[in-house]
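Structure first, then comments.
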Amino acid sequence: MSTQRGRLTRAQRRALDTLLPAYELGAHPFPRQAPLGIEIGFGMGEALEQWALAQPDWNLLGIEIYPSGVGALLNRIAQAGTDNVRVAMDRAEVVLEEQLAAGSVREFRVLFPDPWPKKRHHKRRLLQPAFISMLAERLEPGGALYVATDWAPYAEWALENLSAEPLLMNASQGFSARDDRRLVTKFEARGQRLGHDIFDLCFTRRSETS
Ligand SMILES: C[S@@+](CC[C@H](N)C(=O)[O-])C[C@H]1O[C@@H](n2cnc3c(N)ncnc32)[C@H](O)[C@@H]1O
């Protein structure tokens, strides 16, 4: 199963054993009311740590299925001493379905989702129409969904799917300018090394469907 992927370092294993119980959303809800921001598929957690430091007055949730990444994020946030981050180690589809209320999220970030380039694997891509509907429904009116990818066919596919969701509105014409609030993630750096263009998308939740 995909959650078993990758080898854990000793520090990551220790973090999962000792820190995860203290940061897991299910066990420890946020201590205060605040805007909620969510990063889906945070990888090693560098962008989420930076987001937490930049917006200490927000509640932030990281969702990731990759145990090494969760362990790495836990070590980062414990070291940084931030108290505004929670983690869910599960598929985002499940976390949204089971743990997030409609209209409860101010901002989603999906940075460099797995591109699954082969046609027969497209069904594994994260930003499927049904998942986009779920994201849109969990956003507050006016809330935003940011996506970045270095895979041009994925960018076009995501733009098409996002544009087809009636609850969402494109904040730009087509692709957006780079969101400079985000630091260069591991996969963004990899895309740059390979000479790929980087595509940003930003959609906001409409107040009504009309
Ligand atoms: C290509 S990596 C990008 C990681 C990071 N955002 C970056 O830019 O470096 C995609 C990440 O999404 C995670 N992922 C894939 N499907 C997921 C899902 N259904 N729910 C949560 N995370 C998922 C993977 O485990 C992986 O860490």
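Side chain of Q12 to backbone of T9: a donor-acceptor contact under 3.5 angstrom is found. With T18 contributing its side chain and R14 its backbone, the two residues share a donor-acceptor pair below 3.5 Å. Q128 places a side-chain N or O within 3.5 Å of a backbone atom of K123 that can act as its donor or acceptor partner. The backbone N or O of A52 sits nowhere less than 3.5 Å from a side-chain atom of T82 that would complete a donor-acceptor pair. Counting only distance, with no hydrogens or angles, the side chain of R138 and the backbone of L100 share a donor-acceptor pair below 3.5 Å. Listed for the N84 side chain is no donor-acceptor partner under 3.5 Å among the backbone atoms of D57. Judged by distance alone, with hydrogens and angles left aside, the side-chain atoms of R76 form a donor-acceptor pair with the main-chain N or O of M44 at under 3.5 Å. Here the side chain of T149 pairs a donor or acceptor atom with the backbone of W151 at under 3.5 angstrom.
Hydrophobic cluster membership differs between L162 and F112, with clusters built from Ile, Leu, Val, Met, Phe, Trp and Tyr side chains linked at under 4.5 angstrom. In this structure, F203 is not a member of the same hydrophobic cluster as M169, with clusters built from ILVMFWY side-chain heavy atoms closer than 4.5 Å. Put simply, L53 and L60 are part of two different groups of oily side chains (I, L, V, M, F, W, Y) that touch within less than 4.5 Å, one to the next. Note on L48 and I38: separate hydrophobic clusters, where clusters join Ile, Leu, Val, Met, Phe, Trp and Tyr whose side-chain heavy atoms are under 4.5 Å apart, directly or indirectly. Connection of L127 to V95 is established within a shared hydrophobic cluster, with ILVMFWY side chains joined at heavy-atom distances below 4.5 Å, either directly or through further cluster members.
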List the steps, then state whether side-chain contact (heavy atoms from CB on, under 4.5 Å) holds for Y154 with L126. CA-CA 10 Å; Y154 193 98; L126 184 67; 4.1 Å; yes
Would N161 and W157 satisfy side-chain contact (heavy atoms from CB on, under 4.5 Å), going step by step from the backbone distance to the final call? CA-CA 6 Å; N161 288 351; W157 179 82; 3.3 Å; yes
R190 vs R193, side-chain contact (heavy atoms from CB on, under 4.5 Å): CA-CA, chis, key distance, verdict: CA-CA 5 Å; R190 177 179 172 277; R193 278 198 306 276; 3.8 Å; yes
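Heavy atoms from other residues, nucleotides or ligands lying under 6.0 Å from CD of E160 number 12 at most.
Here the CD-CZ distance, from E24 to R86, works out to 11.0 Å after rounding to the nearest 0.5 Å. In this structure, CG on L135 lies 8.0 Å from CG on L168, to the nearest 0.5 angstrom. Rounded to the nearest 0.5 Å, atoms OG (S68) and CG (L16) are 8.0 Å apart.
Heavy-atom minimum distance, R125 versus P117: NH2-CA, 4.3 Å. Across all their heavy atoms, A78 and Y23 have their closest contact at CA-OH, 3.8 Å. Smallest separation of non-hydrogen atoms from N170 and C202: OD1-O, 3.2 Å. Shown here for P166 and R206, the closest heavy-atom pair between the two residues is O-NE, 2.9 Å. Residues A136 and L167 share a closest heavy-atom pair of CB-CB, 3.8 Å. For the residue pair L73 and G45, the shortest heavy atom distance occurs at CD1-O, 3.6 Å.
E188 and R178 are joined by a salt bridge, as a carboxylate oxygen and a charged side-chain nitrogen come within less than 4.0 angstrom of each other. Comment: R205 does not engage E137 in a salt bridge, judged by the lack of any side-chain N to carboxylate O separation of less than 4.0 angstrom. Residues R106 and E140 are paired through a salt bridge, judged by an N-O separation under 4.0 Å between the basic side chain and the carboxylate.
Here the side chains of V87 and E64 are not in contact, with every heavy-atom distance at 4.5 Å or above. No side-chain heavy atom of L111 sits less than 4.5 Å from a side-chain heavy atom of Y146. Counting heavy atoms from C-beta outward, P67 and L8 have side chains that approach closer than 4.5 Å. At least one side-chain heavy atom of M89 sits less than 4.5 Å from a side-chain heavy atom of L20. F131 is listed as a side-chain neighbour of I40, based on a closest heavy-atom distance under 4.5 Å. Side-chain contact between D90 and I63 is absent, with no heavy atoms from C-beta onward closer than 4.5 Å. Taking the side chain as every heavy atom from C-beta outward, D150 and F199 never approach each other to under 4.5 Å. Looking at D200 and F175, their side chains never come closer than 4.5 Å, going by heavy atoms from C-beta outward.
Side-chain contact, E46 with T185: no donor N or O sits under 3.5 Å from an acceptor N or O.
Note: W58 and W51 have tilted aromatic rings, judged against thresholds of 30 and 60 degrees for the angle between ring planes.
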Show me the donor-acceptor pairs within less than 3.5 Å that the side chains of residues 28-36 make with the rest of the protein, sequence neighbours left out.
from, atom 1, to, atom 2, distance (Å)
H28, NE2, P21, O, 3.4
R32, NH2, P56, O, 2.8

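Judged by the 6.0 Å distance and 45° axis criteria, R124 is positioned over the aromatic ring of W116.
Under the salt bridge (Lys or Arg N to Asp or Glu O under 4.0 Å) criterion, R181 pairs with E107, D179, not counting sequence neighbours.
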